[in-house]
There are 4 protein chains.
Amino acid sequence: MTSAPNSERRSERARRAILDAAFDLVSRKGFAKVTIEGIAAQAGVGKPTIYRWWGSKGAVVLEAMNEELGDDFAFPDTGDIAADLTTQITAVSRRLVTGRISEAFKGVMAEAQNDAALMKAFRETILEPSIAECRARLDSAVAAGQLRSDVPTDVMVDLFYAPVHYRHFLGFGDDAVRRSADLVQDVLLGLRPRTDAG
Amino acid sequence: MTSAPNSERRSERARRAILDAAFDLVSRKGFAKVTIEGIAAQAGVGKPTIYRWWGSKGAVVLEAMNEELGDDFAFPDTGDIAADLTTQITAVSRRLVTGRISEAFKGVMAEAQNDAALMKAFRETILEPSIAECRARLDSAVAAGQLRSDVPTDVMVDLFYAPVHYRHFLGFGDDAVRRSADLVQDVLLGLRPRTDAG
Amino acid sequence: MTSAPNSERRSERARRAILDAAFDLVSRKGFAKVTIEGIAAQAGVGKPTIYRWWGSKGAVVLEAMNEELGDDFAFPDTGDIAADLTTQITAVSRRLVTGRISEAFKGVMAEAQNDAALMKAFRETILEPSIAECRARLDSAVAAGQLRSDVPTDVMVDLFYAPVHYRHFLGFGDDAVRRSADLVQDVLLGLRPRTDAG
Amino acid sequence: MTSAPNSERRSERARRAILDAAFDLVSRKGFAKVTIEGIAAQAGVGKPTIYRWWGSKGAVVLEAMNEELGDDFAFPDTGDIAADLTTQITAVSRRLVTGRISEAFKGVMAEAQNDAALMKAFRETILEPSIAECRARLDSAVAAGQLRSDVPTDVMVDLFYAPVHYRHFLGFGDDAVRRSADLVQDVLLGLRPRTDAG
DNA sequence: TCCTAAACGAGACGGTACGTCTAGTCTTGCT
DNA sequence: AGCAAGACTAGACGTACCGTCTCGTTTAGGA
């Protein structure tokens, strides 16, 4: 068996070159048309250097996308939960259809459908942090009496985020995705607390 | 240019063998591990016969999946919209995670992210008929006074269907997908008509 | 077993079209780049019509070449055997390197190296008639005392014809092939009758 | 453009396996029935490894044949030019009809009729070295007064070698090819120097 | 003059091999 | 020891033809 590489001796230069090349190629040509060979060539790196540190093209691109995104998943908090949700869903939908990240995201998610490890990595590094931020904001809105308290906030997260991804993955088109934030109002109809019986 | 084949002379035997082989292989090995060569071999058919009638592996599997599904997209109508929605969403979620169609659906959708023609075909043959059925049922519920009339029914369709696909594509796991029907109640909270001001 | 076709009902139109297309295509693109499909297409004929009457591309092209050549293998007879041989070898060498027949001949001979039936057909329809004509002329030259009588005339035929084909098949180049007639004189050096002991 | 491979890093193991497999297959099945795929499979080698180093099946088989022949083209020199020519032509004719090289030679030459690069390679590696050896021997025979000096020795080479190849390529049959050495005497009739006027 | 059997055009079919592409592994210096 | 480089085995890709096999559609001789 091949022994695990020693990460202390890893070349940061090679790592950066690989991630930059991967992100650039995916952005320009689309995930499906990018190959490990192509990444290695553009990065000026041998293929084994990629295979030594990543398990698949999806893993490389996911990491490249993460670096591009940074780790700032902060949710806005103006005190108005409706406005904050609209702001955030609008931002997410724009990222999906036009952002630098767009091609990479679509490609990684397609790949992840048939690659459990990639899906796990995506969820841990991107999705779950985002959800946690959103949920924290919803919790504070519940505490502030802006949302009803008898629907779990993790369910609320799903209700707010689902439409944008649904429209994105099922091919409703860029315009429909971008208009997904409009649905925040409709979801909120049922999530507002009521003085009278629901 | 290669002229189009004459579909009148097409061999139904070959067509069936190809679709059956494709569906069987995808179900057993997963979309990603199936090859056109493998389909041709199992179907007892030459590769060119596949390429003559379909443009990609995704197209073959989509058609195989369509034949498996049949064209029955009927939406239940018991008079109780909440019950009917729950029934239908439950059925959809089960199909996605355990049904015969499960692997094929996941593979086709992953492929469709980077293949516009495949996405278009999927929408026309499967998604849009389903949506139309759902929408018709929602229209009748609006007419019956079970749903408010100031939210367009196509938006309602998105609100009800989004969670199941969202959880499915973003890797929430089979259990979470199956529990998606529970969210019907939460969405309905806001879509019920009200006599008092909203 | 497929019964033999009835040659009385054969379509002369189809036969002509096939031979013409075959000869034209071979002349323009070279034997190796011509396909049965291409011949059928240019002839406006179905592939089975070709397979019904010929066993291979080589057989078609051989017949086409034969029609082009006609059956005139007459050897010149001016009374001067040296001049007649030079005339004939010159004619043959020109046919091989520049004539209409050039590509077809080269292709058929290459094919015939691995197709005994084709070789047999070539010898019977072209080579042996030519040899017979040559040999008859040599016999008359022997009778006229212009050639020695103790070397069999079939051996003489080989000695005169060998150089041109040798140079042609072993790639000595068009010029060398065309100059092959010059060797007639050198061969004749030994084949002239002598009064003194040989 | 595909950059040229670096021959310093070439695997000698793969090269040997390919040449051995090619030669074995051609010897057993005949050139026409051998495929690049078959060679790769028997050699335990990927197809691209063959295409990386050779341009065609003919080129592989030519090199395999060269290795089998070795580079020993030495012409015998017993002092008797007639005997030496007979020995050599006999050896060549036997190689053509029964030797290990027989199938490979026939196949390569057939291919070379429509492949100028292959013909060039054949001439440079096999034919021209043989001719040079023969010519050197003839030169020494001329110097020794055994052959006339007014016929160029390169023409003499053609006269001696032509019959065996002519009979071989034009399908005279194995026996006729093997008897080609008999013609040496007839050619020599005219190439012996004479004291009386020619 | 019609009938009918065949040859015909067309082209889809099951196959084979092509030559290319990329994957992932292995090997060889170089730093 | 990790690296760049790239050759290696492996195998799927999509294409080109093969030779066979239906299909209707002429077409030509015999009834």
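Just so it is clear: chains get the letters A, B, ... in the order the sequence lines come, proteins before strands, and each one is counted from 1. Heavy atoms only: backbone and side chains are in, while hydrogens, waters and symmetry mates are out.
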Exercise. Any side-chain N or O of B:Trp53 under 4.0 Å from OP1/OP2 of E:dC13?
Worked result: yes
Exercise. Under 4.0 Å between a side-chain N/O of A:Trp54 and OP1 or OP2 of E:dG24, yes or no?
Worked result: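 No, outside the criterion.
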Problem set entry | A:Gln113 side chain reached by A:Met119 side chain, heavy atoms, under 4.5 Å | yes
Problem set entry | Flag side-chain contact, heavy atom, 4.5 Å: D:Leu19 against D:Trp54 |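 Yes. Closest side-chain heavy atoms under 4.5 Å.
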Can you tell me the distance, in whole Å, between the [atom1] atom of [X] and the [atom2] atom of [N]?
X        : N      : atom1 : atom2 : value
C:Asn6   : E:dC8  : CG    : P     : 10 Å
A:Ile50  : F:dA5  : CD1   : P     : 12 Å
A:Asp115 : E:dA23 : CG    : P     : 14 Å
D:Lys29  : E:dT16 : NZ    : P     : 12 Å
B:Tyr51  : E:dA12 : OH    : C1'   : 18 Å
B:Gln42  : E:dG14 : CD    : P     : 15 Å
C:Glu12  : E:dC8  : CD    : P     : 11 Å
A:Ile36  : E:dT25 : CD1   : C1'   : 13 Å

Problem set entry | Candidates E:dA17, F:dT15, F:dT9 - which lies nearest the side chain of D:Val45 |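 When the side chain of D:Val45 is considered, F:dT9 is the closest of E:dA17, F:dT15, F:dT9.
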Problem set entry | Listed nucleotide nearest any side-chain atom of A:Thr35, set F:dG19, E:dA12, E:dT22 | E:dT22
For this session: Assess the pair A:Phe122 and A:Phe105: is the distance between their ring centroids shorter than 6.0 Å?
Result: yes
Exercise. Just by modelled atom types, is the A:Val45 backbone N or O under 3.5 Å from a matching donor or acceptor in the A:Thr49 side chain?
Worked result: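 No, the answer is negative, given that no donor and acceptor are paired below the 3.5 Å cut-off.
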Have a look at [X] and say if it touches a base, only the backbone sugar-phosphate, or nothing, with a 4.0 Å heavy-atom cut-off.
X       : value
D:Thr49 : base
C:Gly44 : sugar-phosphate
B:Arg13 : sugar-phosphate

Exercise. Would you call C:Glu67-C:Arg15 a salt bridge at under 4.0 Å N-O?
Worked result: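 Yes, this pair counts.
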Problem set entry | Cation-pi, B:Phe31 ring and B:Lys57 (6.0 angstrom, 45 degrees) |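 That pair qualifies as a cation-pi contact.
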Exercise. Centre of B:Trp53's six-membered ring, under 6.0 Å away, within 45 degrees of the axis: is that where NZ or CZ of B:Arg9 sits?
Worked result: no
Exercise. DNA chain F: C:Gly55 or D:Arg52, which has the more 5' nearest nucleotide?
Worked result: D:Arg52
Seminar exercise, completed: Ranking A:Gly46 and D:Glu37 by the position along DNA chain F of their nearest nucleotide, the one closer to 5' is A:Gly46
Exercise. Between B:Ser11 and C:Arg15, who's closer to the 5' end of DNA chain E by nearest nucleotide?
Worked result: C:Arg15
Problem set entry | Check: C:Lys47 side chain, E:dG11 base, donor-acceptor under 3.5 Å | no
Report all interatomic pairs (protein N or O, nucleotide N or O of nucleotides 27-31 of chain E) with separations under 3.5 Å.
| from | atom 1 | to | atom 2 | distance (Å) |
| --- | --- | --- | --- | --- |
| E:dT27 | O2 | D:Arg9 | NH2 | 3.0 |

Exercise. Which heavy atom of C:Ala112 sits nearest a heavy atom of C:Leu118, and at what distance?
Worked result: N-CD2, 3.8 Å
